[in-house]
Amino acid sequence: MADNPTQPTQPTSRTRSWWGWGWADAHPGDAECTALGALLPGTLARPLPVPRVRDLGIGSPAVEPPPSLAHLVTADPGDRAAHAMGKAYRDVMRALRGRPGRIPDLVARPTDGQGVADLLDWAGERQVAVVPYGGGSSVTGGVEYRGDAHRAVLSLDLTAMGRVLEVDAEGRAARIQAGTLGPSLEDQLRPHGLTLRHFPQSFEFSTLGGWLATRAGGHYATGHTHIDDFVQSLRVVTPAGTSSSWRLPASGAGPSPDRLFLGSEGALGVITEAWVRLRERPRHKASAAVAFTGFHDALRAVRALAQSDLSPANCRLLDAGEAALSGASRDGSAVLVLGFESADEPVDARLARAVGLARSYGGRYGGTSGPDGAKDGARGGGARGADAAGDAAVGAWRSAFLRMPYLRDGLARMGAVAETFETAATWDRIPGLIDAVRTEVGEAALKATGHPATVNCRLTHVYPDGAAPYFTVLAAGRAGDEVALWDDLKAVAGEVLHRHRATITHHHAVGRDHRPGYDRQRPEPFALALKAAKGALDPRGILNPGVLVG
């Protein structure tokens, strides 16, 4: 095994937006915001100004760290503002309206597990709430403090712990610090020809520890869809001590200690490092787009693909609205984006079989794309023009997928509601669930604003027994009351999900925003066990108060 094989690489020439998604220089300008607003009735005449930290009136912190920890801690107002909340629509809107909520008193950046332990010890003694923070991309209120039960708030930023510590090339695994951002993680694995192959939409701005703490879903639609599937062992610092599980390929020794902390969102402990399973980097790739006139025909095709042995890396179904929004279709068709990849063998035959299966359910084939952009219409029987159209559809979707969070912030500046939520349910419930969400959320938005809303759906992950629908809501806002409007619409959606026994979240975590739905979904005996675990591991109640329990 190689110790400390590479040094992390972190971007240094660009600035993260403190109030919105991603890079500050990638946000839409005023003219683009105005053009976006023109697409929705009832938006503002001009965009809200980009918020400034100096307008927040951030005061002095309520506590000071001891001299022994001062080198890890900052009270810089800009740093504190950037750590006050995540990147959900309600977070962006609160920042735009100058109401970001409780600003943390301090931001700490420990460089190792001992630093984390020392900070937790101090915080416990002083009744300081500690909110673990990775890349800050939470969209469910998972990295902010709400309430006033604690003397002060410390944002515990783990991104100074960003190294791949060991690589076991023979066992295809690595020990990685929790604060490692997605691009840096892959850069450090690349010299070994290995990859974690976990690419959430937030990949550029999220960390391994954040993925683990939220049970994040990756980009890939089948197979290993969640970060859970990659974990060999975890090291977690809690106020009661450090938990370090054995690195094993599998074990039947009682309840898994790792499962206690996966998805715990910093409420039980701070994940500091993990051994994770890797795989060889793919060398063979191919993709295709298949169009459907009827969305329910497309659903049946996707279910057949999920229940086959083909295991596509991407099997993403866009309804007509989502396809139009991303530029994948302009004729009212639903579009199925298929992708295959392999490290050791060509994937053309599997792609051709998948396309054939989709066509048997009424799909219209639009061509394939190889790793170098080469297209082969003969594989699926498409004409050369159809190849170009299919390749364009796949490319348009990929571009829109990465750009969409920035456009959401542009629409927010126009006072519009522009947000997403996701769920998962068994196949027998999927058609009715999707229809109910579209209808009831749309009706609620019309009643609240007087303007029709757009409620689109795509399937992001598919399983033999069910799927994960992901909804996009675009609606006029209520000037000055946009956050309350979104909360109301989210509550309507939550009721639909509960009625159809669909999970409150498939991969966005619970945070604080999903807490009511989570409380209704989990069995009461489990809630009692979770509360007991919280009391044992965090007896002073300082870790991410209000998340999951308490």
Trp21 vs Ser137, test: side chain to side chain contact (heavy atoms under 4.5 Å, CB included). Steps then yes/no. CA-CA 8 Å; Trp21 183 262; Ser137 60; 4.0 Å; yes
Go through the side-chain N and O atoms of [X] and [Y] and say whether any donor and acceptor fall under 3.5 Å apart.
{"X": "Glu166", "Y": "Trp275", "answer": "no"}
{"X": "Thr195", "Y": "Glu186", "answer": "yes"}
{"X": "Ser233", "Y": "Trp246", "answer": "no"}
{"X": "Gln188", "Y": "Ser184", "answer": "yes"}
{"X": "Asp465", "Y": "Thr426", "answer": "no"}
{"X": "Thr503", "Y": "Gln521", "answer": "yes"}
{"X": "Thr272", "Y": "Gln177", "answer": "no"}
{"X": "Asp157", "Y": "Ser155", "answer": "no"}
{"X": "Gln307", "Y": "Tyr463", "answer": "no"}

Taking the side chain as every heavy atom from C-beta outward, state whether [X] and [Y] have any atom pair closer than 4.5 Å.
{"X": "Glu32", "Y": "Leu407", "result": "yes"}
{"X": "Leu119", "Y": "Val73", "result": "yes"}
{"X": "Leu106", "Y": "Thr74", "result": "no"}
{"X": "Val116", "Y": "Met161", "result": "yes"}
{"X": "Leu185", "Y": "Ile176", "result": "yes"}
{"X": "Val290", "Y": "Leu338", "result": "yes"}
{"X": "Leu156", "Y": "Pro110", "result": "yes"}
{"X": "Leu154", "Y": "Val107", "result": "no"}

Establish, yes or no, whether the cationic atom of Arg364 lies under 6.0 Å from the six-membered ring centre of Phe292 and within 45° of the ring axis. no
Hey, does the Lys NZ or Arg CZ of Arg458 hover above the aromatic six-ring of Tyr470, less than 6.0 Å from the centre and inside 45° of the axis? yes
Parallel, tilted or perpendicular: ring planes of His461 versus His506, cut at 30 and 60 degrees: tilted
Would you check if the side chain of [X] reaches a backbone N or O of [Y] as a donor-acceptor pair within less than 3.5 Å?
{"X": "Ser329", "Y": "Ala323", "value": "no"}
{"X": "Ser264", "Y": "Ala267", "value": "no"}
{"X": "Ser326", "Y": "Glu322", "value": "yes"}
{"X": "Ser206", "Y": "Ser202", "value": "yes"}
{"X": "Tyr133", "Y": "Glu144", "value": "no"}
{"X": "Arg316", "Y": "Val337", "value": "no"}
{"X": "Glu419", "Y": "Tyr89", "value": "yes"}
{"X": "His514", "Y": "Ala509", "value": "yes"}
{"X": "Asn544", "Y": "Gly142", "value": "yes"}
{"X": "Arg277", "Y": "Val231", "value": "yes"}

Would you please test Arg247 and Asp258 for salt bridge (charged side-chain N to carboxylate O under 4.0 Å, His left out) and show each step? CA-CA 10 Å; Arg247 179 193 169 202; Asp258 295 333; over 6 Å; no
Applying side chain to side chain contact (heavy atoms under 4.5 Å, CB included) to Phe261 and Thr238, what does each step give before you reach the verdict? CA-CA 11 Å; Phe261 296 106; Thr238 82; 4.2 Å; yes
For [X] and [Y], which heavy atoms make the closest approach, and how far apart are they?
{"X": "Ala412", "Y": "Val92", "value": "CB-CG1, 4.0 Å"}
{"X": "Ala424", "Y": "Pro469", "value": "CA-CD, 4.1 Å"}
{"X": "Val130", "Y": "Ala123", "value": "CG2-CB, 3.4 Å"}
{"X": "Leu543", "Y": "Gly266", "value": "CB-O, 3.3 Å"}
{"X": "Gly134", "Y": "Thr159", "value": "O-CG2, 3.4 Å"}
{"X": "Trp427", "Y": "Val302", "value": "CH2-CG1, 4.0 Å"}

I need the [X] [atom1] to [Y] [atom2] distance, nearest 0.5 Å.
{"X": "Arg175", "Y": "Gln232", "atom1": "CZ", "atom2": "CD", "answer": "12.5 Å"}
{"X": "His192", "Y": "Asp168", "atom1": "NE2", "atom2": "CG", "answer": "11.0 Å"}
{"X": "Asp319", "Y": "Phe471", "atom1": "CG", "atom2": "CZ", "answer": "9.0 Å"}
{"X": "Ser256", "Y": "Leu234", "atom1": "OG", "atom2": "CG", "answer": "8.0 Å"}
{"X": "Lys534", "Y": "Leu268", "atom1": "NZ", "atom2": "CG", "answer": "6.5 Å"}
{"X": "Leu262", "Y": "Asp228", "atom1": "CG", "atom2": "CG", "answer": "5.0 Å"}

Would you sort out whether Lys87 and Ser138 count as a side chain to side chain contact (heavy atoms under 4.5 Å, CB included), showing the intermediate values? CA-CA 6 Å; Lys87 303 301 182 186; Ser138 169; over 6 Å; no
Ser342: what forms a side chain to side chain contact (heavy atoms under 4.5 Å, CB included) with it, not counting sequence neighbours? Asp344, Glu345, Val347, Arg350
What do you reckon, is CZ of Arg16 surrounded by more than 12 foreign heavy atoms closer than 6.0 Å? yes
Run the salt bridge (charged side-chain N to carboxylate O under 4.0 Å, His left out) test on Arg109 and Asp79 for me, step by step, so that the C-alpha distance in whole Å, both residues' side-chain angles and the decisive distance to 0.1 Å come before the verdict. CA-CA 11 Å; Arg109 290 185 174 85; Asp79 238 352; 2.8 Å; yes
Can you confirm whether or not the ring centre of His508 sits under 6.0 Å from the ring centre of Phe421? no
Trp211 and His507: aromatic ring centres closer than 6.0 Å? no
Output, in order, the C-alpha distance, side-chain angles, deciding distance and verdict of side chain to side chain contact (heavy atoms under 4.5 Å, CB included) for Leu305 and Leu336. CA-CA 11 Å; Leu305 284 163; Leu336 172 60; 3.7 Å; yes
Can you check side-chain hydrogen bond (donor to acceptor under 3.5 Å, both in side chains) on Thr505 and Glu422, steps first, answer last? CA-CA 6 Å; Thr505 178; Glu422 36 70 58; 2.9 Å; yes
Partner of Arg197 by side chain to side chain donor-acceptor pair (under 3.5 Å), out of Glu341, Glu280, His219: Glu341
